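Everything numeric here is computed off the predicted structure, so don't read it as measured data. Naming convention: chains lettered A, B, ... in sequence-line order (proteins, then strands); numbering from 1 in each chain.
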2 protein chains.
Amino acid sequence: MTLDDCRRLDAEDPLAALRDRFMLPEGVIYLDGNSLGVLPKTAPARIAEVVAKEWGEGLIRSWNSAGWFDLPQRLGDKVARLVGAAPGEVVCTDSTSINLYKVLFAALSQVLLATPDASPQRRVVLSERSNFPTDLYIAESICRERGFTLRLIEADELPAALDQQVAVLMLTHVNYRTGAMHDMKAVTAAAHAVGALTVWDLAHSAGAVPVALNDSEADFAIGCGYKYLNGGPGAPAFVWVHTRHAGQFTQPLSGWWGHAAPFEFTPHYRPAPGVARYLCGTQPIIALAGLECGLDSVLAAEPFDAGQGPMAALRAKSLALTDTFITLVEQRCAGRFALVTPREHARRGSQVCLALNDGGPGAYAMVQALIARGVIGDFRAGDAQMPDILRFGFTPLYLGFEDVWNAVEHLVQVLDREEWKRPEFNQKLAVT
Amino acid sequence: MTLDDCRRLDAEDPLAALRDRFMLPEGVIYLDGNSLGVLPKTAPARIAEVVAKEWGEGLIRSWNSAGWFDLPQRLGDKVARLVGAAPGEVVCTDSTSINLYKVLFAALSQVLLATPDASPQRRVVLSERSNFPTDLYIAESICRERGFTLRLIEADELPAALDQQVAVLMLTHVNYRTGAMHDMKAVTAAAHAVGALTVWDLAHSAGAVPVALNDSEADFAIGCGYKYLNGGPGAPAFVWVHTRHAGQFTQPLSGWWGHAAPFEFTPHYRPAPGVARYLCGTQPIIALAGLECGLDSVLAAEPFDAGQGPMAALRAKSLALTDTFITLVEQRCAGRFALVTPREHARRGSQVCLALNDGGPGAYAMVQALIARGVIGDFRAGDAQMPDILRFGFTPLYLGFEDVWNAVEHLVQVLDREEWKRPEFNQKLAVT
């Protein structure tokens, strides 16, 4: 594969023009959209308008005149189009962690109602040891509180671990480290077959890969607004609950925005019908404006789907980008790296992770050396069971194939010139 | 009291120049800063900088280069100066409701540890029936979940209701409806005398009245960023925990940002020391930037305190403003309204609430008629025990005495001309 091949792929790319919708810093090849998406060009003006007009001029009147109260649902309907949900099934609110708490709590409440005696049955929350740590922290906390056990396994142990003890299977659809993707429909069916509910974290899926929540018959899902959805740093997250559960169970963060009649100011809580009960307190309106720009930036790819289903065009390009990266790394970095991300398309998210074949500690410094060259990926530390990795996210909205070529060229130079051995690249930053 | 008296008070007002720090819409007298504070002039540029530079240019590098990770603490230290807390004791994060959940949960966990047998002792959360509804909803939920009873009383029943059954006394320092203020130090001492912990909601106190959390020996407190702190619609809230508890108990929303070593990505949760464990997921960075501008806008009054303690200058002007409003309403609206807010300074927050003496339903329409004239206050519906009220917040940072005169003049005209009887002012808005 050559630079000319990459340029040819760019010339043939139907999504190439979408790049103009984003503010990309000069000299940067951004392979970290899986951590923080880039700024849509519409966002500065829209956010400025919300600040100056809606807050500054409208003040409290903007609750009505600017439609603040409906924002969580209005944005939720946009998310729904990206994750195989229907209008009215998603709300944008709070953080991913807090939304996970809500849905996991609701799911376990359902289980406790169905099996009220403290039998040994149905008292396990099953997840992956390599799940995103904060998901495990939240699950750990709820399990302790509600008398459940958190059982952590490797992905390949999943079929054997799904038994009658499992109350909830809590998985991240695309693994944050490896980029490995679960078959949501098959795994959900397997969980349901043993009577377990499913909670899916879509942090690395929404806007990155096709997700079919309703078609998969999933039970609960949450996801992040600031990764592939380009909503801005710390943008509100989202929550989806299957309609068969949405009006059935309550979550304990029962604030005014999730009340059936929030402006009656009654002293007792009565949950709103449907997913609206997953709202709690007042949401950051300015941050929601940023998120809406991000959602629109992803939905701009919809016209290219050509009837192939949501995310079809983005998915096709994403796979082509990650294929290209894998091919070029294997071709040009001659055995230096092991591919941690699955090669099989059906099991790959929109990122590629590499581990060093020499078992040495260079991964962190290599990432720093790349960042100094403007190629921004990130490093994730390993442990006794997982290697250190270099992690690269590929966002088809604003990345081209020549970017991939150039990123690999920089990697080759970092290796050939042993730049990563420089002391400045081996100093740990506060936030990694 | 005359218009000239009001103009003289403005001329003598040491804080008058602070008004220039805010964007006030033309023709508006804003008496709703207790619901949503106005826009500080610094906020549009600062927010634009965070969007274009920190998000757009810095991207993920801004976690280090722009200090995103320290924002909750950095802003918390500014809040601390306004509520009688020390640096390092406050973090800005999430919503008021969610922070209440955290501290109430932590407080009850402490009680359950101290009295692990399911004795009838210490299983009551005591609060006011007229507390802000969302606080009651959150308490209702936690009580059900953890085996406690929520007991609601009127404020004057408080001394008698504080008994050995009370685990936690949860109060809003300044009542959102009436503007009545508790004596935090005395009430906390009374609660401690029966072995109860205290949780204080400072939503209508922070930036509005002097608060002395440490001097009062309070246990837990939370508060709102978008009312008197001018942080912008839905700005992040704050949480304070007394140092004697801060490192002792965990709250269940155990996300990565509250982990002792958040970048080690370990599968098990280990809470950070101190109040940092009350952080959970990734915070809305753009919203935090707005909040910082708001906090700075309040701290701009600090130089005028003249050694009288935090909030001294703002408090003096606030009382003069509400005194003026009360005097003018009583002088000019001849018996039409009853004063719901306490007349006694020590018991009054920074707002004044009026109820109609005729017992009629006109309060809603009067507020709408005033809003149409540019005098923005709000309406809060009553019930069998509480009258409908017209609620007016007075923010000494950007209100003058002539504003108060003009507001009352408008009210007089609304009454004299019976404007409030017009059909358009009697149509209910979606959000009230």
Is [X] in contact with chain A via its backbone, its side chain, both, or neither, using a 4.5 Å heavy-atom distance?
X: Val50(B); result: neither
X: Thr266(B); result: both
X: Thr96(B); result: neither
X: Arg61(B); result: side chain
X: Phe22(B); result: neither
X: Gln283(B); result: backbone
X: Leu59(B); result: both

Largest heavy-atom contact set with chain A, pairs under 4.5 Å, which of [options]:
options: Asp70(B), Leu100(B), Leu152(B), Ile285(B); value: Ile285(B)
options: Pro262(B), Gly58(B), Gly290(B), Pro252(B); value: Pro252(B)
options: Gly232(B), Ala52(B), Ala48(B); value: Gly232(B)
options: Leu136(B), Asp94(B), Leu288(B), Leu253(B); value: Leu253(B)
options: Gly37(B), Ala287(B), Gly33(B); value: Gly37(B)

Of all of [options], which one pairs up most often with chain B through heavy atoms under 4.5 Å apart?
options: Glu57(A), Met23(A), His259(A), His268(A); result: His268(A)
options: Pro25(A), Pro233(A), Ser95(A), Ser97(A); result: Pro233(A)
options: Trp256(A), Trp55(A), Tyr269(A), Tyr101(A); result: Trp55(A)
options: Gly225(A), Cys224(A), Ser35(A); result: Ser35(A)
options: Ser141(A), Ser254(A), Ser130(A), Pro133(A); result: Ser254(A)
options: Tyr30(A), Tyr226(A), Phe132(A); result: Tyr30(A)

Rounded at 0.5 Å granularity, tell me how far [atom1] in [X] sits from [atom2] in [Y].
X: Asp201(B); Y: Asn131(B); atom1: CG; atom2: CG; answer: 6.5 Å
X: Leu71(B); Y: Glu292(B); atom1: CG; atom2: CD; answer: 7.0 Å
X: Asp378(B); Y: Leu370(B); atom1: CG; atom2: CG; answer: 11.5 Å
X: Leu108(A); Y: Gln251(A); atom1: CG; atom2: CD; answer: 13.5 Å
X: Ser109(A); Y: Phe249(A); atom1: OG; atom2: CZ; answer: 8.0 Å
X: Tyr176(B); Y: Thr134(B); atom1: OH; atom2: OG1; answer: 10.5 Å

Structural part of [X] lying under 4.5 Å from a heavy atom of chain B:
X: Ile138(A); value: both
X: Asn230(A); value: backbone
X: Arg146(A); value: side chain
X: Ile60(A); value: both
X: Asp383(A); value: neither

Ring centres of Phe69(A) and Trp257(A) under 6.0 Å apart?
-> yes

Indicate yes or no: does [X] engage [Y] in a salt bridge with an N to O separation below 4.0 Å.
X: Arg129(A); Y: Glu154(A); result: yes
X: Asp32(B); Y: Lys227(B); result: no
X: Glu54(A); Y: Arg46(A); result: yes

With no hydrogens and no angle check, do the side chains of Tyr278(A) and Thr93(A) hold a donor and an acceptor under 3.5 Å apart?
-> no

Are the side chains of Asp135(B) and Ser127(B) in touch, meaning some heavy atoms are under 4.5 Å apart?
->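 SC-SC contact between Asp135(B) and Ser127(B) ruled out.
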
Residue pair Pro236(A) / Leu291(A): nearest heavy atoms and the distance that separates them = O-CD2, 3.5 Å

Does a sphere of radius 6.0 Å around CZ in Arg21(B) hold more than 12 heavy atoms from other residues, nucleotides or ligands, not counting ones at 6.0 Å or beyond?
->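 At most 12 heavy atoms, drawn from other residues, nucleotides or ligands, come within 6.0 Å of this atom.
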
